[in-house]
Amino acid sequence: MSDNPGDGKPPRRARKPQGFFSEKRQEQRNEAVRGQLEGNLPIRPKEKRGAPDDSQAESGSVKKKQKKEESQPKSLDVKAFLADLKTDYSEKKLEPMPPRPPKQKWRPVKTAITDRAKAPKGWNPREPDLINDDLESQITRCRERIKENIMPHVYEHKLEEFLVEQKERAKKLAAEHGLNWPVVQRLENLKAILEWAQSNAIKDKYNIATNVQNVILAYRSGVLNWCHGFVTYWHNGAQLCAPRPFKWNEFQYLYDAHKGNETGFWVEGIDGPGPSSQHAVIECGTGTRKWAAETSIALRIPMTGGKTQSGPFEFQFKDDTGADYMVLYDEDVNRLRTNLQANGVSYPLPRILGVLVVTLADGSKKAMLVRELEVNMWDEKEKRYMAASWDSIPVVVLPGRGTKRLNGPWMRWKFYTGTAPDNSNRLWIYDYNPTNPLMRGPRLPTATQAQMDRPLPTANKYESIGNHPQFNPDIPSGKSII
């Protein structure tokens with residue numbers, strides 16, 4: 001008798017694990033799924049997938065993709081819009097705010113816990129059920145947490161900061177005779193804007209001082225209140241409408257109808273009541289390699305009323321996630337006005353949205369002019385613009401000429417972005433979700449252990465990358481030579 005089970009019969013083939021398919025069969029299944037989703041998912045054409053480095057992108061064949069159709073903006077019903085200017089949208093019933101998370105609870109302890117590792121599971125210093133700007137509630141919560149004896153030193157520090165802020169706020173509220181805090185914040189910014197507009201450097205060349213003065217009077221008299229999410233339009237010191245949602249086509253019509261570039265125009269409420277944030281970009285390192293990511297963004301001047309659209313121009317921008325607004329210079333605007341124009345024709349200045357007071361990285365505040373520009377990004381590999389339409393966005397325009405342009409939030413608002421810890425400081429930008437397994441094309445790289453273990457380079461410890469070829473960003477990810 002044979003020792004083999006099933007003696008006398010051909011040996012059985014080993015069973016494939018459950019869910020296993022041959023490569024050919026698996027590809028057939030994937031194609032079937034792609035066919036089902038083709039109607040609502042922009043599938044990438046088949047192409048050999050490789051590491052997303054520049055050298056491979058240039059050497060590989062690039063298939064021409066069908067251009068996305070540029071969506072046309074909805075035309076404005078001027079008659080209905082003008083009849084609606086007196087409607088106060090701030091008095092209409094708004095959609096309820098989403099409920100805030102429940103309060104976090106932990107049992108008090110007798111002996112103070114000061115080591116994070118010994119804190120209860122899930123402990124964190126955040127209070128998700130409270131509004132950050134609600135100082136009274138935050139102060140009360142800090143005192144409650146101190147009594148719980150769990151990481152009390154954290155809340156003692158927070159309490160100290162809140163009390164200082166509360167004292168400063170009370171002083172500002174008293175100076176404005178009982179106006180609410182958003183209005184007081186806004187008045188502080190408006191006074192700084194008025195001072196800037198009337199300075200010797202500006203001399204009100206944008207014709208906004210009268211508008212700002214009357215907006216200040218309207219707030220102090222109670223005629224105008226801060227209405228979060230709504231704006232009012234002003235011309236020659238007169239309020240043109242009741243609070244209403246901001247829409248680009250409405251703003252463009254009123255601005256052009258009142259010749260805003262010549263006579264002055266003001267949008268009140270386009271930004272929050274407090275100062276915006278424009279954090280500085282710091283470049284670490286020496287030599288030719290910079291440690292601040294840069295990217296190209298195309299801009300053009302918005303045109304309406306059937307006028308010929310101006311040509312776009314690409315500028316290099318520092319990638320600054322701390323900037324609330326894109327930053328350009330006057331010379332850049334001049335470049336857009338005369339770009340590729342024959343016979344010396346020049347396009348008009350972009351529309352002015354207003355003036356912002358922004359907080360810089362060093363804590364100082366500065367007034368900055370804001371204009372409307374249209375923005376998009378060019379995909380060099382696919383030879384097309386990434387966005388289906390050009391977006392109007394507010395852009396800070398600084399005087400003179402400069403190269404320290406900041407990209408602001410538009411890029412991450414519009415596209416998927418990603419980085420990898422491969423010491424290359426590269427930024428990947430996608431007009432689709434790169435984690436979707438059905439999408440074909442470059443993926444984020446997988447960093448090698450050597451890349452991930454390398455200490456962060458600084459100006460004092462910088463060494464040429466030529467001394468460390470294992471960290472060369474041009475080497476495809478996962479193929480380090482060590």
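All values below come from the heavy atoms of this structure, side chains included, with hydrogens, waters and symmetry mates left out.
A cation-pi arrangement is absent between K158 and Y155 under the rule of less than 6.0 angstrom and at most 45 degrees off the ring axis. Cation-pi geometry between R405 and F315 is not met: the NZ or CZ atom fails to fall both under 6.0 Å from the ring centre and inside 45° of the normal.
No donor-acceptor distance shorter than 3.5 angstrom exists from the side chain of N149 to the backbone of P108, with no hydrogens or angles considered. Proximity of a side-chain donor or acceptor of Y255 to a complementary backbone N or O of I352 within less than 3.5 Å is detected. A side-chain donor-acceptor contact under 3.5 Å links N376 to the backbone of A387. Distance alone, capped at 3.5 Å, places no donor-acceptor pair between the D320 side chain and the L406 backbone. Distance alone, capped at 3.5 Å, places no donor-acceptor pair between the D319 side chain and the N407 backbone. For the pair N236 (side chain) and A238 (backbone), a donor-acceptor distance under 3.5 Å is absent. Judged purely by atom type and a 3.5 angstrom limit, S310 uses its side chain to pair as donor or acceptor with the backbone of I301. Counting only distance, with no hydrogens or angles, the side chain of R300 and the backbone of G311 share no donor-acceptor pair below 3.5 Å. For D204 (side chain) and I208 (main-chain N/O), a donor-acceptor pair under 3.5 Å exists by modelled atom type. At distances below 3.5 Å, at least one donor-acceptor pair connects side-chain atoms of R100 with backbone N or O atoms of P128.
E127 has its side chain out of reach of E144: every pair of non-hydrogen atoms, C-beta onward, lies at least 4.5 Å apart. Contact check for L299 versus D332: no side-chain heavy atoms found under the 4.5 Å cut-off. For the pair R244/Y89, a side-chain contact is recorded, criterion being any heavy-atom separation below 4.5 Å from C-beta on. A 4.5 Å side-chain heavy-atom check between K383 and W378 finds at least one atom pair inside the cut-off. With a 4.5 Å cut-off on side-chain heavy atoms, W181 and L135 do not count as touching.
Considering CG of L398 and OH of Y329, their distance stands at 5.5 Å, rounded to 0.5 Å. Here CD of E314 is found 8.5 Å from CE of M377. Values are rounded to the nearest 0.5 Å. In this structure, the separation between CG on L190 and CG on N211 is 11.0 Å, given to the nearest 0.5 Å.
Using cut-offs of 30° and 60° on the angle between ring planes, the pair F265 and H235 is tilted. The aromatic rings of F415 and W410 lie perpendicular to each other, with more than 60° between the two planes, well past the 30° mark.
In this structure, a donor-acceptor pair under 3.5 Å is present between the side chains of T304 and D256. Side chain to side chain, S392 and E372 meet the donor-acceptor criterion of an N or O pair below 3.5 Å. Side-chain atoms of Q104 and W106 form no donor-acceptor pair, as typed in the model, at a separation below 3.5 Å.
For H177, the NE2 atom is loosely surrounded, since the number of other residues' heavy atoms within 6.0 Å does not exceed 12.
A salt bridge links R169 with D133: the closest approach of a Lys/Arg side-chain nitrogen to an acidic carboxylate oxygen falls below 4.0 angstrom.
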